[in-house]
Amino acid sequence: MPSINENYLKLEKNYLFINIAKKVNAYKAAYPDADIIRMGIGDVTLPIAKCVVEAMKKGADEMGVKETFRGYEDSGAGYDFLREAVSGYYKSFGVEIKPEEIRINDGAKSDCGNIVDIFGDDNTVLITDPAYPVYVDTNLMNGRKVIYADSNEGNGFAAMPDDGVHADLIYLCSPNNPTGSAYNEQQIKAWIDYALKNKAIIIYDAAYEAFITEEGIPRSIFAVEGARKCAIEMCSLSKTAGFTGMRCGYTVIPDELTVTASDGSEVSVSQLWGRREGSKFNGVSYPVQCAAAAVFTDEGIRQTRENIAYYQENARIIASAMDELGIRYTGGKNSPYIWLKCPNGMGSWEFFDFLLEKANVVGTPGAGFGRNGEGWFRLTAFGDRERTKEAMQRLKDVLGK
Ligand code: PLP
């Protein structure tokens with residue numbers, strides 16, 4: 001009989017959204033006529049841009065013709081045409097990334113979770129709390145020591161480094177899921193300085209960069225000085241271009257990023273990751289890569305921006321409802337998430353039940369994202385406009401003075 005990785009037994013029994021689905025399904029079974037509005041899961045709802053769909057169809061057609069058929073992709077790191085397109089996208093906001101420093105993947109979740117493979121289990125991992133659960137779970141699975149940097153009301157849910165604490169790996173997510181807060185340049189610089197001082201590596205999740213609207217909020221950690229020596233960036237087309245069901249993202253590891261092995265030799269992080277991927281990942285399908293490349297054309301950017309603007313308007317509607325109700329919140333400006341303080345001193349799950357029962361609105365309890373999420377709640381702007389308005393009216397009805 002095989003033994004198991006007992007670290008898995010230390011995890012929460014279910015991933016957060018499975019627990020939410022169970023509660024909602026139980027409610028639906030009891031009240032089949034309830035008109036439930038879902039603002040919980042961070043999944044997009046608008047269709048993919050036309051020019052992106054056309055590019056995918058063209059790629060699929062090529063697969064059906066002998067001359068243009070493609071089997072395994074040689075490098076598994078992504079076709080040159082897509083890596084060049086991503087490099088060009090970075091350039092459009094002033095960041096120089098070489099195509100060879102980019103690897104294409106099937107979404108940021110895979111790389112956020114799998115990157116831990118190349119680091120030793122003796123590392124101390126610093127994660128801002130609350131956080132996207134994948135960072136914590138995947139490190140606990142390997143038995144690593146996880147410590148937390150508190151994001152809370154006092155610091156606007158933007159945790160900053162503590163010079164008295166050492167870490168080897170640091171997870172940052174900006175704009176943040178779940179809190180919607182986004183680091184400005186000085187704040188990112190403070191993290192970079194901390195990482196360099198500790199010889200640590202920052203794993204920077206930029207999955208929501210396309211939602212940034214304010215000046216002074218970098219869209220990439222590599223827009224900030226020093227990052228090339230200490231950071232890995234992960235990004236995704238899921239929220240940028242509605243790819244949650246398509247699956248495509250990219251990871252950037254700068255050439256300069258090295259670590260010292262126990263024998264004193266300098267090891268390239270990019271090579272180590274390439275070695276891991278070479279053995280465990282065979283690349284993203286050709287039609288999906290064709291679609292992804294179309295996202296970065298002028299027309300693709302124009303069309304996908306329309307969808308983002310739609311979600312941003314939803315975020316504005318949610319934020320203004322919170323303003324009207326006098327509820328504190330972060331996010332909504334550079335992010336599709338509104339992170340609100342549960343009214344009347346309610347706990348996260350208490351407010352979840354209250355909203356489900358009284359307003360038939362589903363959100364995500366902040367406690368599911370970490371200790372500092374207790375008493376907070378996440379609503380997403382990824383829904384339909386009219387349903388978003390309807391949900392906010394219901395909130396005003398049940399919470400209005
Ligand atoms: N990172 C963050 C912060 C996210 O919120 C998500 C998805 O919700 C992901 C990564 C994963 O995105 P995907 O795997 O769809 O690219």
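Since the model is a prediction, treat every value here as computed from it, not as a measurement.
Residues Arg38 and Thr380 fail the side-chain proximity criterion, which asks for heavy atoms closer than 4.5 Å. By the 4.5 Å heavy-atom criterion applied to side chains, Lys358 and Leu399 are not counted as neighbours.
Once rounded to the nearest 0.5 Å, the distance linking CZ of Arg387 with CD1 of Ile37 reads 4.0 Å. A distance of 8.0 Å separates CH2 of Trp339 from CH2 of Trp376, quoted to the nearest 0.5 Å. Rounding to the nearest 0.5 Å places CG of Asp80 at 7.0 Å from OG of Ser75. With rounding to the nearest 0.5 angstrom, the CD1 atom of Ile202 is 10.0 Å from the OH atom of Tyr194. Atom OG1 of Thr124 sits about 11.0 Å away from atom CD1 of Ile170, to the nearest 0.5 Å. Between atom CD of residue Glu313 and atom CD1 of residue Ile318 there is a gap of 10.5 Å, rounded to the nearest 0.5 Å.
Sequence neighbours left out, the pairs with a member in residues 268-289 that pass ring pair (Phe, Tyr, Trp, His ring centres under 6.0 Å) are Tyr79-Tyr286.
Between Glu62 and Lys58 there is a salt bridge, since at least one side-chain N of the basic residue sits less than 4.0 Å from a carboxylate O of the acidic one. In summary, Asp111 and Arg103 do not engage in a salt bridge, as defined by a charged side-chain N under 4.0 Å from a carboxylate O. For the pair Arg228 and Asp255, the salt-bridge criterion is not met [side-chain N within less than 4.0 Å of a carboxylate O]. For Lys189 and Asp193, the salt-bridge test passes: some basic side-chain N is under 4.0 Å from an acidic carboxylate O.
Here the closest non-hydrogen pair linking Asn198 and His166 is OD1-ND1, 2.7 Å. Here the shortest heavy-atom pairing between Tyr311 and Thr45 reads OH-N, 3.1 Å.
Note that Arg385 lies in the cation-pi zone of Tyr310, set by a 6.0 Å cut-off to the ring centre and a 45° limit from the axis.
The side chain to side chain donor-acceptor pair (under 3.5 Å) with Tyr90 is formed by just one residue from the set Arg219, Glu233, Lys98; it is Glu233.
Judged by distance alone, with hydrogens and angles left aside, the side-chain atoms of Arg378 form no donor-acceptor pair with the main-chain N or O of Phe369 at under 3.5 Å.
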Verdict with reasoning, Arg394 to Asp35, per salt bridge (Lys or Arg N to Asp or Glu O under 4.0 Å): CA-CA 12 Å; Arg394 290 187 195 174; Asp35 176 23; 3.0 Å; yes

Between Thr304 and Phe243, is the side chain to side chain contact (heavy atoms under 4.5 Å, CB included) condition met? List the steps. CA-CA 11 Å; Thr304 52; Phe243 269 47; over 6 Å; no

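Listed by chain and residue number, Leu126, Thr128, Ala159, Trp191 satisfy the side-chain contact (heavy atoms from CB on, under 4.5 Å) test with Ala149 (two or more places apart in sequence, or in another chain).
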